[in-house]
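In what follows, a structure is listed as structure tokens, so that the remarks can point back to it.
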There are 2 protein chains.
Amino acid sequence: MKRQRMSDQGGTVTIHDVARHAGVSSMTVSRVINKNVNVREPLREKVMASIKALKYTMNMAARSTRAGMGGVRIGVLYSHPSASYLNEVMLGGLDQAARLGAQLLLEKCGGLQSQKNAVNRLVEAGVDGVILPPPLCDSAPTVQMLTRVGIPVLALATARPLPEVSAVRIDDFQGALALTRHLTKLGHKRIGFIKGNPTHTPTEVRYEGFLKGLSEAGITLDEGLVVQGQFTYKSGLEAGRELLDRKDPPTAIFASNDDMAAGVMAVAHGLKISIPEQLSVCGFDDTPVASTIWPQLTTVHQPIVAMGRSSVSTIFERIKELKSGEPSRPVHQLMKFTLMDRDSTGPAPK
Amino acid sequence: MKRQRMSDQGGTVTIHDVARHAGVSSMTVSRVINKNVNVREPLREKVMASIKALKYTMNMAARSTRAGMGGVRIGVLYSHPSASYLNEVMLGGLDQAARLGAQLLLEKCGGLQSQKNAVNRLVEAGVDGVILPPPLCDSAPTVQMLTRVGIPVLALATARPLPEVSAVRIDDFQGALALTRHLTKLGHKRIGFIKGNPTHTPTEVRYEGFLKGLSEAGITLDEGLVVQGQFTYKSGLEAGRELLDRKDPPTAIFASNDDMAAGVMAVAHGLKISIPEQLSVCGFDDTPVASTIWPQLTTVHQPIVAMGRSSVSTIFERIKELKSGEPSRPVHQLMKFTLMDRDSTGPAPK
DNA sequence: GCCTTAATTGATATCGATATCTTTTGGTCT
DNA sequence: AGACCAAAAGATATCGATATCAATTAAGGC
């Protein structure tokens, strides 16, 4: 009895409350919210004012029950990306799914046979579309299985999207180029490079960006400073040890992702090599680990959360088009990356 | 035209389809789904069979529009927890919120004044409840501001819940005790301990668990092996260096969280101390970093995602009670932790 | 065996937003 | 000025699940 629907209105403000307040029908309010064209200016303003006055916010759950669009299910099929990467994707994805009233189904798989099973489980569950985070985004068999049964696919963070799939990604080439320029501008000439897992498409593209950056600065590639990694912390540890144990170690190391950069930094800490005074290190992706470690990592920020969000809305649109029989083509969306200039890079020594 | 509502039924299976198939009313189906008691066994079975046969899954969005519970808004107010920790909380939280049809509002703040502003923003936005992840879960002023205006509060992962707030947490004492037992069982006698940030409540409790573990094993505390940390990677780095630079270094180090343990391991890698042969390291929380680094970290798994989920449903229940005028008391929920015995710990050397 | 009570089941209204259809409005063309 | 038509606004039906109340059945009690 204490707290009985206190405050001005009785709890939540609905579209009808706004309508009453503005003296129009709720349909008009709906049209205003959805930027529908057929509303005259004075009315639109009156409605907008009421929305503000009542602090109206839409109930997304209700919207999604609207006729026809009921219960869109989107599958997210992953094999073994880094834990934090997937977390961020899901963070954005779940948030957007909630907004759209869609349902996200997370499905895990391993080898090829297991991929088949996972795809079947998703189809059985009646998904209307599937998002493939890396590294599955580049798996042709998986994509085919899905497209064959008419389910649209979206590849997340692939460097080279397969045909027929939508994609949300950044320009890995430009990102690697920007980072390399950053290093050469700081005066680094001997730059080590740690490649990623060769089965992931960004691996090669980032390397190409690095090469371009070197040639721009008139530096000849020293093949001995290029080490193969696997995108894992452990491979970064090994590659770092290999590079830093040389008698002519590089003054900077460009690791193809943050986990490997963290490995390199761990080795450097052990060798009492101070960062960034004696060695500059940079990574790629800007996963949480980049700002966890010390010194904080200079890296290319990939807006993973936003990409997760965008993946969901992009494939949602596609599903809507397909359901209503409209013509529909895969959509490619390029997100902006940001160079995060933090504390792990500095001027080349001496 | 290619994909025109293929498969058996015309799109999504609803509760009504199931009802028709089973020859009952949709209300009965609803009761079966929600494990409501008042359904006789034969009918329940018939309904269950139909659910399976039609591969029915519920439309969560629709459920959340149900009378009365429309548009619950839950605020999540955080200051500066580790990025990955918050991610996991939100992952569980968003997922559960979607299920319940609630809306989650994320709000950030810094100092005390900024906390006031943040609380005001949340109240303005009309939140019905607020979740406080660490370290804000222990902030008495914030809690007071909220309870004063009648908004229920839930503290996440606090070790000592303030009065009047609900809480979702693990038993930090037992967790630290289990981990210490693990080390002593492996034969370690000289065990270093890195404390966490003194303003967080789990810091002291974990230390107490450690002490208890030592005394159980009949080990006298060496005060020199206890170092103050801050829950940050950097403080782990410094503490690790301090402990490992001693002439009589410990054979095992218990860091109060994973980030600090990662710092210790970085130092060890640098000193070419092999883990776990020469040094055992363990952390606490099992954040993604624990399985990212190498060797993978022995730690206490805190089910953060599940705790995020549980926080949302717990405060949701509370909100429901308050809204319907039922009597309502804060709820405390203790989650199970798990000892993750991975590769960073081993038998004490010689 | 009849009546009261409790346990089951069903019928109907509802939630919030939108699709769709209908009515009204306002303007243009001859 | 009258007719006609598109634009603008409203009325109503709908989505899927559940709350609520009514109807039915079963279970005891004397």
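Computed from a predicted structure; not experimentally measured. Numbered from 1 within each chain, the chains take letters A, B, ... in sequence-line order.
Here the P atom of nucleotide D:dA11 and the CD1 atom of A:Ile15 are 14 Å apart, to the nearest Å. Counting to the nearest Å, the P atom of D:dC15 and the CG atom of B:Asp17 are 11 Å from each other. C:dC15 atom C1' lies 15 Å from atom CE of A:Met58, rounded to whole Å. Between the P atom of C:dG16 and the CZ atom of B:Arg73 lies a distance of 12 Å, rounded to the nearest Å. Rounding to whole angstrom units, CG of residue B:Leu54 and P of D:dG16 are separated by 14 Å.
For B:Arg44, there are no side-chain hydrogen bond (donor to acceptor under 3.5 Å, both in side chains) partners two or more places apart in sequence or in a different chain. Every residue meeting the side-chain contact (heavy atoms from CB on, under 4.5 Å) condition with A:Ser310, not counting sequence neighbours, appears here in chain and number order: A:Val168, A:Thr314, A:Gln333, A:Met335. Taking A:Leu106 as the reference, A:Val76, A:Tyr78, A:Met90 meet the side-chain contact (heavy atoms from CB on, under 4.5 Å) condition, with sequence neighbours excluded. Shown here are the side-chain contact (heavy atoms from CB on, under 4.5 Å) partners of B:Ser25, two or more places apart in sequence or in another chain: B:Met27, B:Thr28. Remark: A:Ser114 engages no residue in a side-chain hydrogen bond (donor to acceptor under 3.5 Å, both in side chains) (not counting sequence neighbours). For A:Ala22, the side-chain contact (heavy atoms from CB on, under 4.5 Å) criterion is met by A:Val24, A:Val47, A:Ser50, not counting sequence neighbours.
Residue pairs meeting the salt bridge (Lys or Arg N to Asp or Glu O under 4.0 Å) criterion with at least one member in residues 142-154 of chain A, sequence neighbours excluded, do not occur.
Between A:Ile15 and A:Ser30, some side-chain heavy-atom pair lies under the 4.5 Å cut-off.
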Worksheet, complete the sentence: Counting primed atoms, P, OP1 and OP2 as sugar-phosphate and everything else as base, the B/S/- map of nucleotides 5-12 of chain C against protein heavy atoms under 4.0 Å is ---BBBB-

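Over its length, the helix from C:dG1-D:dC30 to C:dT30-D:dA1 turns its helix axis by 30°, as judged from the five terminal pairs at each end, rounded to 10°.
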